[in-house]
Chemist: 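Provided herewith is a single structure, encoded as structure tokens, for subsequent inquiry.
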Amino acid sequence: DGSSRGHSIEFEYILGPQVRDLVPSRGSTAGGGVVRVIGRHFTSSGLECGVGMAKASAVGARWLSSTLVLCVMPPGDVGRVDLEISIDEGREFTKDGKQYVYEQDGTIAALSPSSTLTRTSGQMVTVIGVGFVQSPSLSCMFGDGVLAAALFVSSSVVTCKVPAREPGFVMLALSSN
């Protein structure tokens, strides 16, 4: 007879998420780096970060706004992987092709010089080691997170501008993100 029986229920059409940029777009094979995923139409409901071909969920997907999601990267092998977003608990992921590059961590072997005068900024220290990677976000981290400008010279040499500090020892590390 063409008539409808039963009850109806609301069904929603939504705009799919889109990934436009990853900041930073590279990090350590050890994982743990936080990537800001910039895009649009992100929702907190059902949010997952998909990494690589299998889209295994990254640890710690966090919604900040409809245009910003944070993903904590899992450990990975050296190379490029897609980083995509799902808002339906991983049933479907974006297909925007934004890639994250896993890099082997460099190893610091020596510093030259290994000390500098206190309260004097602008001096340079040469970091010598292996496996350093050129990156626009390359920096030197002195102690408790004080970042300083770094200049990539080669895969075994980076120079750092030393910030002014009080007397004492600090750990120096290189960061690419």
Side-chain angles (χ1 to χ4, degrees), residues 17-40 42 47-53 55-85 93-94 96-114 116 120-165 169-177:
Q18 292 180 328
V19 176
R20 292 190 171 172
D21 200 9
L22 306 176
V23 179
S25 62
R26 53 192 341 109
S28 169
T29 56
V34 177
V35 176
R36 294 188 321 261
V37 180
I38 301 164
R40 60 186 190 166
F42 298 147
L47 180 66
E48 289 191 18
C49 297
V51 178
M53 295 296 288
K55 301 292 185 270
S57 293
V59 178
R62 182 169 174 212
W63 180 85
L64 294 180
S65 73
S66 64
T67 60
L68 183 59
V69 166
L70 299 181
C71 296
V72 177
M73 297 303 290
D77 295 327
V78 171
R80 297 176 176 274
V81 293
D82 289 339
L83 177 55
E84 305 289 358
I85 298 294
F93 284 89
T94 56
D96 296 310
K98 298 300 177 189
Q99 294 196 317
Y100 181 83
V101 180
Y102 279 108
E103 299 171 331
Q104 187 63 46
D105 289 336
T107 302
I108 297 174
L111 302 174
S112 179
S114 60
T116 189
T120 305
S121 63
Q123 298 180 37
M124 301 300 285
V125 62
T126 301
V127 181
I128 303 161
V130 295
F132 302 150
V133 177
Q134 187 169 15
S135 166
S137 56
L138 181 64
S139 60
C140 300
M141 187 166 45
F142 288 82
D144 56 356
V146 175
L147 294 178
L151 175 65
F152 178 85
V153 178
S154 71
S155 64
S156 60
V157 176
V158 170
T159 58
C160 303
K161 188 172 183 179
V162 179
R165 293 190 70 115
F169 289 95
V170 297
M171 298 302 291
L172 187 146
L174 295 180
S175 175
S176 293
N177 55 14

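The structure presented is a predicted model; accordingly, all values stated were derived computationally and were not measured.
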Chemist: Within the structure provided, determine whether C160 and F142 are in side-chain contact (heavy-atom separation under 4.5 Å).
Modeler: yes
Chemist: Working to the nearest 0.5 angstrom, can you tell me the gap between F152 CZ and F132 CZ?
Modeler: 9.0 Å
Chemist: Are R165 and V146 close enough that some pair of their side-chain heavy atoms sits under 4.5 Å apart?
Modeler: yes
Chemist: Would you give the length of the straight line joining atom CG of L138 to atom CZ of R26, rounded to the nearest 0.5 angstrom?
Modeler: 10.5 Å
Chemist: So do L83 and S25 actually touch side chain to side chain, heavy atoms under 4.5 Å?
Modeler: no
Chemist: Give me the atom names and distance for the closest heavy-atom approach of V51 to P74.
Modeler: CG2-CD, 4.0 Å
Chemist: Please name the pair of heavy atoms, one in V35 and one in P24, separated by the smallest distance, quoted to 0.1 Å.
Modeler: CG1-O, 3.6 Å
Chemist: Side chain to side chain contact (heavy atoms under 4.5 Å, CB included) for R36 and L70? Distances and angles first, verdict last.
Modeler: CA-CA 5 Å; R36 294 188 321 261; L70 299 181; 3.5 Å; yes
Chemist: Taking all non-hydrogen atoms of both residues into account, name the closest pair between V19 and K98 and its distance.
Modeler: CG1-CG, 3.6 Å
Chemist: Any idea which heavy atoms bring G122 and K161 closest together, and the distance?
Modeler: CA-CE, 3.6 Å
Chemist: CZ/R80 to OH/Y102 distance, rounded to the nearest 0.5 angstrom?
Modeler: 14.0 Å
Chemist: Within the structure provided, determine whether I38 and L22 are in side-chain contact (heavy-atom separation under 4.5 Å).
Modeler: no
Chemist: To check you understand the geometry: which heavy-atom pair defines the closest contact between I85 and C71, and what is its length?
Modeler: CD1-SG, 4.0 Å
Chemist: Would you call V69 and R62 a side-chain contact if the rule is heavy atoms closer than 4.5 Å?
Modeler: no
Chemist: What pair of heavy atoms forms the shortest contact from A150 to V158, and how long is it?
Modeler: CB-CG1, 4.0 Å
Chemist: Look up atom CE in M141 and atom CG in L147, then write down how far apart they are to the nearest 0.5 Å.
Modeler: 6.5 Å
Chemist: Does L174 reach the side chain of C140, with side-chain heavy atoms less than 4.5 Å apart?
Modeler: yes
Chemist: Measuring from atom CG of D96 to atom CG of D21, what distance do you get when rounded to the nearest 0.5 angstrom?
Modeler: 11.5 Å
Chemist: A side-chain contact here means heavy atoms from C-beta on lying under 4.5 Å apart; do F42 and V37 qualify?
Modeler: yes
Chemist: Report the distance from atom SG of C49 to atom CD of E84, rounding to the nearest 0.5 Å.
Modeler: 10.5 Å
Chemist: Apply side chain to side chain contact (heavy atoms under 4.5 Å, CB included) to residues L111 and V127 and explain how you reach the verdict.
Modeler: CA-CA 5 Å; L111 302 174; V127 181; 3.8 Å; yes
